[in-house]
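Report on the structure given below.
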There are 2 protein chains.
Amino acid sequence: MPDNLPHKPDPELSERARTVLRTLVERYIRDGEPVGSRTLARTSGLELSPASIRNVLADLEEAGLIAAPHTSAGRVPTASGYRLFVDSLLKVEPLGQQEVARISEHLRLGEAESGEALLASASAMLSGITRLVGVVTLPRREHVEIEQIEFVPLSARRVLVILVLAGQQIQNRILRLDRDFSPAELQQAANYLSSAFAGQSVMKVRAQLLQEMRQMHGHLNALMTATVEWADQVSQRSAQEDYVLAGELNLMDFKELSAVDKLRALFDTFTRKRDILHLLDQAIDAEEMQIFIGEESGHSVLDEVSVVSAPYSIDDRVVGVLGVIGPRRMAYDRVIPVVDVTARLLGAALDHQR
Amino acid sequence: MPDNLPHKPDPELSERARTVLRTLVERYIRDGEPVGSRTLARTSGLELSPASIRNVLADLEEAGLIAAPHTSAGRVPTASGYRLFVDSLLKVEPLGQQEVARISEHLRLGEAESGEALLASASAMLSGITRLVGVVTLPRREHVEIEQIEFVPLSARRVLVILVLAGQQIQNRILRLDRDFSPAELQQAANYLSSAFAGQSVMKVRAQLLQEMRQMHGHLNALMTATVEWADQVSQRSAQEDYVLAGELNLMDFKELSAVDKLRALFDTFTRKRDILHLLDQAIDAEEMQIFIGEESGHSVLDEVSVVSAPYSIDDRVVGVLGVIGPRRMAYDRVIPVVDVTARLLGAALDHQR
DNA sequence: TGTTGGCACTCCGGACCGGCGAGTGCCAGC
DNA sequence: GCTGGCACTCGCCGGTCCGGAGTGCCAACA
């Protein structure tokens with residue numbers, strides 16, 4: 001995380017200043033309007049007059065934690081203000097029993113037809129509970145094990161290839177071939193490949209497998225090579241490539257984003273995906289919850305939003321991230337535990353079956 | 001199509017009035033601003049003074065074909081104005097060779113992994129070429145033939161069911177069972193079902209099949225019944241249920257829609273899907289190109305947009321619709337042929353394989 | 001009779017203005 | 001070190017004014 005603002009080397013805020021900052025941020029998060037000394041004097045709990053509060057505010061402003069949109073408006077937290085807030089002022093209360101139950105309810109594999117449907121509903125959950133944008137990356141497949149490979153003959157020269165991956169993920173694709181294969185041959189090829197992969201990731205075996213096949217009796221080769229290549233493609237794709245969004249429209253409800261061009265820019269980057277994925281990647285690598293506030297993300301389009309994200313795992317291996325995107329003034333105290341819990345539960349739902 | 005406006009019984013417009021209306025609509029489509037007598041006098045080709053044009057405009061207004069946003073603005077076409085325009089004033093020029101080629105290029109099944117990917121790329125095409133919103137419904141499956149059914153054992157009590165439908169569509173789902181099945185049993189069940197369906201639609205055979213199975217030797221029943229039920233669900237779903245959108249964001253570029261709340265309402269109905277599907281259904285039933293202009297759609301959220309849609313077929317049976325959604329002032333002369341051609345080519349791409 | 005120029009009128013949008021309210025910074029006094 | 005007081009700065013709101021665009025109507029003309 002870059003040290004974003006060119007300011008004093010942590011002037012060690014006084015307890016008072018911390019209280020003021022905290023109530024200011026809380027207040028601003030609540031109703032999105034710059035807050036002034038007057039309101040703070042009343043609501044901070046400190047027994048101080050507005051005038052004294054103003055002194056504190058001046059200090060905070062100098063420290064780069066808050067800013068005034070214009071001379072006679074109240075103050076607004078800056079990115080570093082929020083940062084300090086979430087890092088050391090925020091008291092996150094864990095989710096209630098009831099809410100956890102509600103989440104895990106919706107994340108049962110019960111009616112979900114596939115892993116992908118599960119991801120979608122996780123995303124919808126996130127967005128539904130927080131009234132922000134939910135995002136869940138498709139599980140990274142480089143390290144995901146291949147459990148099984150099957151061939152289903154469709155018609156002459158058309159074969160359906162089925163790839164069963166760990167974590168309920170199924171991929172299929174139709175291959176067009178230049179000669180017929182008998183059911184027995186297909187079976188043979190499937191057996192061979194399935195045992196060759198034997199619960200390993202494509203990455204691990206690919207090279208060796210292709211090597212091996214090159215020296216083989218030839219006539220199943222076309223089919224098998226094509227299959228391995230495709231399996232490889234499949235595992236390259238994903239996490240780096242795609243995610244499921246939900247509730248994008250919620251962003252339209254926040255006045256700080258309601259300018260059409262800002263929205264347009266945001267939605268554009270949502271569909272372009274690259275920037276968002278780049279951001280989420282960091283969270284995958286970190287293997288723990290990450291929060292990006294405004295400019296911290298390093299992508300100027302995202303200057304006005306925050307992203308709260310947590311990685312999720314299948315069988316104890318981190319394979320993806322999920323999270324929430326919303327305006328900087330989001331209710332971090334609620335969002336953080338929701339994201340956290342959802343990540344855990346999604347992981348559980350995905351590896352619980354076997 | 002309802003006779004929308006409570007006005008004169010078609011006062012048989014003069015040739016002059018028609019010309020004025022045509023250039024007015026064309027102009028308004030071009031730059032979205034109310035057009036006045038002055039501009040019309042210059043650009044209509046008629047050798048008339050603004051004053052005379054005004055008389056004509058008064059007639060057109062009385063006939064409900066145009067309207068003035070306020071006293072001293074130019075005129076704007078009403079829904080019925082557009083209607084008359086597209087029905088009898090519009091000269092649609094067919095697409096150039098080059099563009100047709102470009103479309104069919106992108107609609108090759110070549111790299112498309114599945115039918116669904118094809119639909120998505122059709123949608124993207126539509127949106128890309130017209131700079132509007134592209135929409136393609138998933139093919140209706142009630143009448144689509146089931147070509148094949150396969151079972152792939154995953155692990156004890158988990159079986160992957162694969163449904164191969166006509167038109168490159170593949171569905172799969174994991175079934176959880178309450179006892180083990182041997183590969184031989186699965187094979188047997190697959191054979192039985194595949195031949196029972198034998199290229200027919202689920203709808204046709206469902207009842208009879210369930211009946212038959214009820215009297216059977218029992219122990220494969222759980223599996224097979226579940227499969228038939230699911231196949232039935234699959235074929236109920238779709239067309240009535242889902243579509244692929246592309247380029248929603250394009251709507252933000254039109255000033256007449258750029259109010260955040262309007263956009264919000266529109267995007268909401270896009271994700272709610274119901275209204276849009278209801279509209280598109282009519283196009284499916286009509287089995288020919290349909291154009292809904294503004295209020296004509298009957299859904300007040302869609303008052304400010306037009307929908308140009310055409311059904312597409314697989315193997316000569318209409319199974320879905322595709323089209324374009326945009327502001328009323330869209331370039332109908334370009335959009336219409338694009339939609340038309342894309343529908344044909346998509347159909348072709350979908351049934352060309354076998 | 002249809003076409004035209006002229007004219008008064010309407011309306012929108014932008015610019016300008018002044019007052020109000022909210023909030024600030026600073027200072028002097030406690 | 002806290003506080004009240006005070007002058008000051010803005011943004012916002014409503015009002016007014018003006019120019020431009022376009023209209024409807026009328027009287028004159030071919």
Side-chain angles (χ1 to χ4, degrees), chain A residues 11-21 23-25 27-28 30-78 81 255-256 258-259, chain B residues 11-21 23-25 27-28 30-78 81 255-256 258-259:
Chain A
E12 209 46 65
L13 291 186
S14 69
E15 191 53 35
R16 170 180 298 180
R18 293 162 56 85
T19 318
V20 170
L21 179 59
T23 52
L24 184 146
V25 175
R27 185 82 185 195
Y28 184 66
R30 254 202 31 212
D31 40 54
E33 236 124 84
V35 356
S37 52
R38 200 192 172 68
T39 359
L40 284 173
R42 278 195 318 250
T43 62
S44 68
L46 303 171
E47 296 287 319
L48 288 179
S49 78
S52 317
I53 297 282
R54 266 177 241 143
N55 291 323
V56 185
L57 290 179
D59 294 349
L60 290 173
E61 181 155 7
E62 202 178 355
L65 298 169
I66 60 178
H70 59 260
T71 331
S72 84
R75 306 302 218 291
V76 160
T78 63
K255 39 181 169 314
E256 60 264 60
S258 63
Chain B
E12 210 46 64
L13 292 186
S14 70
E15 191 52 35
R16 170 181 299 180
R18 294 163 55 86
T19 317
V20 170
L21 179 59
T23 53
L24 185 146
V25 174
R27 184 82 184 194
Y28 184 66
R30 255 203 28 213
D31 39 54
E33 237 125 82
V35 356
S37 52
R38 200 194 174 67
T39 357
L40 285 173
R42 278 195 318 247
T43 62
S44 68
L46 302 171
E47 296 286 322
L48 289 179
S49 76
S52 318
I53 298 282
R54 268 178 239 142
N55 292 324
V56 184
L57 290 178
D59 294 348
L60 290 172
E61 181 156 8
E62 202 177 355
L65 297 170
I66 60 178
H70 60 262
T71 333
S72 85
R75 307 303 218 291
V76 161
T78 63
K255 41 180 169 311
E256 58 264 60
S258 64

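Proteins get letters first, then strands, A, B, ... in listed order; numbering begins at 1 in each.
- As a whole-Å value, the separation of B:Lys255 NZ from C:dG13 P is 13 Å.
- If you run side-chain contact (heavy atoms from CB on, under 4.5 Å) between A:Leu57 and each of A:Leu65, A:Val35, A:Val20, only A:Val20 comes through.
- In the set D:dC10, D:dG22, D:dT3, D:dC10 carries the atom at the smallest distance from any side-chain atom of A:His70.
- Atom-to-atom, CD of B:Glu47 to C1' of D:dA30 comes out at 17 Å; the value is rounded to the nearest Å.
- Nearest to the side chain of A:Asn55, among D:dG22, D:dT3, D:dT23, sits D:dT3.
- Protein atom CG of B:Leu60 is 12 Å distant from nucleotide atom P of D:dT23, rounded to whole Å.
- In this structure, B:Arg54 places its CZ atom 11 Å from P of D:dC25, rounding to the nearest Å.
- The distance from atom CD1 of B:Ile53 to atom C1' of D:dG24 is 16 Å, rounded to the nearest whole Å.
- Other residues, nucleotides and ligands place more than 12 heavy atoms under 6.0 Å from the CZ atom of A:Arg18.
- If you take CD of A:Glu61 and C1' of C:dT24, they are 10 Å apart, rounded to a whole angstrom.
- Residue-to-nucleotide contacts include no donor-acceptor pair under 3.5 Å from the side chain of A:Ser52 to the base of D:dC2.
- Listed candidates were C:dT3, D:dT23, C:dG23. Nearest to the side chain of B:Arg75 is D:dT23.
- Rounded to an integer number of Å, the gap from CZ of B:Arg27 to C1' of D:dA21 is 14 Å.
- The main-chain N or O of B:Gly64 is found under 3.5 Å from a side-chain atom of B:Thr78 such that the two form a donor-acceptor pair.
- Spacing between atom CG of B:Leu57 and atom P of C:dT3 amounts to 14 Å, rounded to whole angstrom units.
- Of the candidates C:dT3, D:dC2, C:dG23, the closest approach to any side-chain atom of B:Arg16 belongs to C:dT3.
- Contact detail for B:Leu24 and B:Val76: the closest heavy-atom pair is CD2-C, 4.4 Å.
- Side chain of A:Ser49, nearest nucleotide from C:dA22, D:dG4, D:dT23: D:dG4.
- Between B:Arg27 and B:Thr43 the shortest side-chain heavy-atom distance falls below 4.5 Å.
- Residue side chain A:Thr71 does not reach the base of D:dC10 through any donor-acceptor N/O pair under 3.5 Å, judged by distance alone.
- Along DNA chain D, the nucleotide nearest B:Gly74 and the nucleotide nearest B:Ala51 are compared for position; the residue whose nucleotide lies closer to the 5' end is B:Gly74.
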